[in-house]
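In what follows, every chain begins at residue 1, and chains take the letters A, B, ... in the order their sequences are listed.
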Protein chains: 2
Amino acid sequence: MSQPRKPNPARRSERSRQAVLDAARDLVSELGYAKVSIEAIAARAGVGKQTIYRWWPSKGAVIFDSFLALSESEEGMSLPDTGDLEADLKIVMRATVAEFADPAFEAPIRALNTEIIGDPALAAQYREKLAGPVDEAKKERLRSAQRAGQLAADADLDLVLEVLYAPLYQRWVHRSGPLTPQYADALVEITLRAFAP
Amino acid sequence: MSQPRKPNPARRSERSRQAVLDAARDLVSELGYAKVSIEAIAARAGVGKQTIYRWWPSKGAVIFDSFLALSESEEGMSLPDTGDLEADLKIVMRATVAEFADPAFEAPIRALNTEIIGDPALAAQYREKLAGPVDEAKKERLRSAQRAGQLAADADLDLVLEVLYAPLYQRWVHRSGPLTPQYADALVEITLRAFAP
DNA sequence: TCGGCGAGACGAGACGGTCCGTCTTGACAT
DNA sequence: ATGTCAAGACGGACCGTCTCGTCTCGCCGA
């Protein structure tokens with residue numbers, strides 16, 4: 001009656017873990033998310049399928065972890081704070097627009113969003129591990145602006161971020177319009193007018 | 001040298017078409033999008049698989065058509081225009097929020113968006129057949145408001161709609177916050193402030 | 001007017017593939 | 001000794017193609 005014993009993380013092979021994450025990231029870029037299979041990841045990584053099934057619950061979780069590993073390297077970076085909120089935000093928004101428009105980021109980000117729509121647990125993990133820290137940094141910059149009287153003191157900062165980023169996100173998901181620096185600037189200007197002190 | 005002959009739409013069975021669309025809609029509600037297979041749709045509809053493959057290029061296209069059939073019934077409805085833009089928009093936005101929060105709409109809408117992320121052709125069809133007409137009606141209402149001096153005359157109406165709806169859409173996709181009537185009202189108020197004359 | 005004919009869509013399901021998730025094996029590390 | 005490892009066999013689900021035999025048309029000649 002041996003239950004499927006739970007694995008012992010202490011004995012986990014770091015070598016295999018990295019190989020799986022690398023293979024997953026590569027294959028998503030090459031084939032797009034939908035065409036990537038666990039079998040292909042295992043083969044590319046030179047790893048037994050069981051090794052993947054032992055440590056990850058789903059294909060989405062593997063992909064997610066492969067992104068998480070990437071983003072951890074760029075963690076802790078802070079946003080520019082020159083005192084000029086509009087200029088600072090335009091820099092950040094233009095960078096975001098450029099990132100979304102970059103074909104190299106296209107496939108992985110679409111993969112992640114595909115999985116997130118249908119998987120609440122993954123969505124929660126995304127908010128906590130990826131979006132959360134980044135949003136917190138942005139809100140910190142906005143609080144600084146509130147203190148400087150450049151933003152309404154009673155503004156809901158989560159709402160400010162949504163008004164700022166959601167139109168860009170929707171345009172990217174639905175491919176309903178071009179993502180240009182001008183568009184980034186327009187979003188900043190509109191948001192600042194909406195939440196002016 | 002016989003090419004795969006292209007089917008003749010004139011001879012298409014309306015009975016089978018409806019059966020497939022109905023079965024697709026039912027199965028998505030019951031199982032969620034990811035677990036629905038073409039085989040299952042064919043079986044439920046009492047239809048040969050070839051009949052589906054003859055008329056639709058992909059699972060996503062079938063699902064999309066099943067929604068399209070639904071939405072055509074409610075086509076041509078116009079938005080309220082009482083002269084009070086803020087009140088009118090709040091009515092519409094609250095209705096939209098309620099629709100997104102309705103569990104009965106949850107599965108189908110997530111299904112559609114899942115497919116749209118990874119399929120540019122389907123995204124284009126979505127914009128043209130579903131989002132397009134609705135957005136046009138909304139923009140007509142906004143033009144009326146511009147004439148009445150309730151909205152900046154030079155406002156980019158596509159951008160207005162994005163600022164109005166995209167935050168709601170993003171919140172729903174990422175499940176990053178509650179969808180309440182208060183939230184709907186807040187979005188209307190912010191948008192009107194941003195695009196005030 | 002009517003009956004036969006050919007084209008083509010139909011329901012059903014066999015077929016070879018791919019990938020799933022589980023299970024087994026023997027090597028290896030601790 | 002115990003548990004992970006790479007490798008891959010296994011049964012099952014679905015894929016997309018294909019082949020059946022049937023059914024429904026429009027057309028054409030009697």
What are the two closest non-hydrogen atoms of [X] and [Y], and how far apart are they?
{"X": "B/V188", "Y": "B/L164", "result": "CA-CD1, 3.9 Å"}
{"X": "B/F100", "Y": "B/E106", "result": "O-OE1, 3.3 Å"}
{"X": "B/L122", "Y": "B/A61", "result": "CD1-CA, 4.2 Å"}

Can you tabulate the close N/O pairs, meaning under 3.5 Å, that link protein atoms to atoms of nucleotides 17-21 of chain D?
{"residue": "D/dC18", "atom": "N4", "partner": "B/Q50", "partner atom": "NE2", "Å": "2.5"}

Nearest-angstrom distance from the residue atom [atom1] of [X] to [atom2] of [N]:
{"X": "B/I52", "N": "C/dA12", "atom1": "CD1", "atom2": "P", "answer": "12 Å"}
{"X": "A/R17", "N": "D/dC5", "atom1": "CZ", "atom2": "C1'", "answer": "17 Å"}
{"X": "A/R54", "N": "C/dT24", "atom1": "CZ", "atom2": "P", "answer": "14 Å"}
{"X": "A/W55", "N": "C/dG21", "atom1": "CH2", "atom2": "C1'", "answer": "18 Å"}
{"X": "B/E14", "N": "C/dC10", "atom1": "CD", "atom2": "C1'", "answer": "15 Å"}

Salt bridge (Lys or Arg N to Asp or Glu O under 4.0 Å) with A/R25: which residues, sequence neighbours excluded?
A/D22
List the residues meeting salt bridge (Lys or Arg N to Asp or Glu O under 4.0 Å) with A/R127, not counting sequence neighbours, and say none if there are none.
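Result, salt bridge (Lys or Arg N to Asp or Glu O under 4.0 Å) vs A/R127: none returned.
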For residues 139-165 of chain A, which residue pairs qualify under ring pair (Phe, Tyr, Trp, His ring centres under 6.0 Å), counting only residues two or more places apart or in two chains?
none
Inter- and intrachain pairs under ring pair (Phe, Tyr, Trp, His ring centres under 6.0 Å), touching residues 135-162 of chain A, at least two apart:
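As it turns out, there is no ring pair (Phe, Tyr, Trp, His ring centres under 6.0 Å) pair with a partner in residues 135-162 of chain A once direct neighbours are skipped.
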Nucleic acid footprint by protein, nucleotides 25-30 of chain C - heavy-atom cut-off 4.0 Å, B for base, S for sugar-phosphate alone:
----BS
Phosphate OP1/OP2 of D/dT4 contacted by A/S13 side-chain N/O (<4.0 Å):
no
Do any side-chain nitrogens or oxygens of B/S16 fall under 4.0 Å of OP1 or OP2 in C/dG11?
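For C/dG11, OP1 or OP2 has a side-chain N or O of B/S16 closer than 4.0 Å.
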Scan residues 28-38 of chain A for pairs that pass side chain to side chain donor-acceptor pair (under 3.5 Å), counting only residues two or more places apart or in two chains.
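Residue pairs passing side chain to side chain donor-acceptor pair (under 3.5 Å), neighbours aside: A/E30-A/R44, A/Y33-A/E115.
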Considering only residues two or more places apart or on different chains, which pairs with a residue in residues 185-197 of chain A satisfy side chain to side chain donor-acceptor pair (under 3.5 Å)?
A/K90-A/E189, A/R94-A/D185
Would you give me the side-chain donor-acceptor pairs under 3.5 Å for residues 148-159 of chain B, sequence neighbours excluded?
{"residue": "B/Q150", "atom": "NE2", "partner": "B/G83", "partner atom": "O", "Å": "2.7"}
{"residue": "B/D156", "atom": "OD1", "partner": "B/D158", "partner atom": "N", "Å": "3.0"}
{"residue": "B/D156", "atom": "OD1", "partner": "B/L159", "partner atom": "N", "Å": "3.3"}
{"residue": "B/D158", "atom": "OD1", "partner": "B/K139", "partner atom": "NZ", "Å": "2.9"}

What residues, two or more places apart in sequence or in another chain, satisfy side-chain hydrogen bond (donor to acceptor under 3.5 Å, both in side chains) together with B/D88?
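If we apply the side-chain hydrogen bond (donor to acceptor under 3.5 Å, both in side chains) test to B/D88, skipping adjacent residues, the hits are B/T82, B/R141.
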Bend angle of the helix from C/dT1-D/dA30 to C/dT30-D/dA1, end axes from five pairs each (to 10°)
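Inter-axis angle at the termini of the helix from C/dT1-D/dA30 to C/dT30-D/dA1: 10°.
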Could A/R17 and A/W56 be counted as a cation-pi pair, given that NZ or CZ must be under 6.0 Å from the ring centre and within 45° of the axis?
no
Output yes when a side-chain donor or acceptor of B/N113 lies under 3.5 Å from a complementary backbone atom of B/I109, and no otherwise.
yes
Is there a residue in residues 29-47 of chain B whose heavy atoms reach under 4.0 Å of DNA chain C, and which residues are they?
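Per residue number, the list reads B/G46, B/V47.
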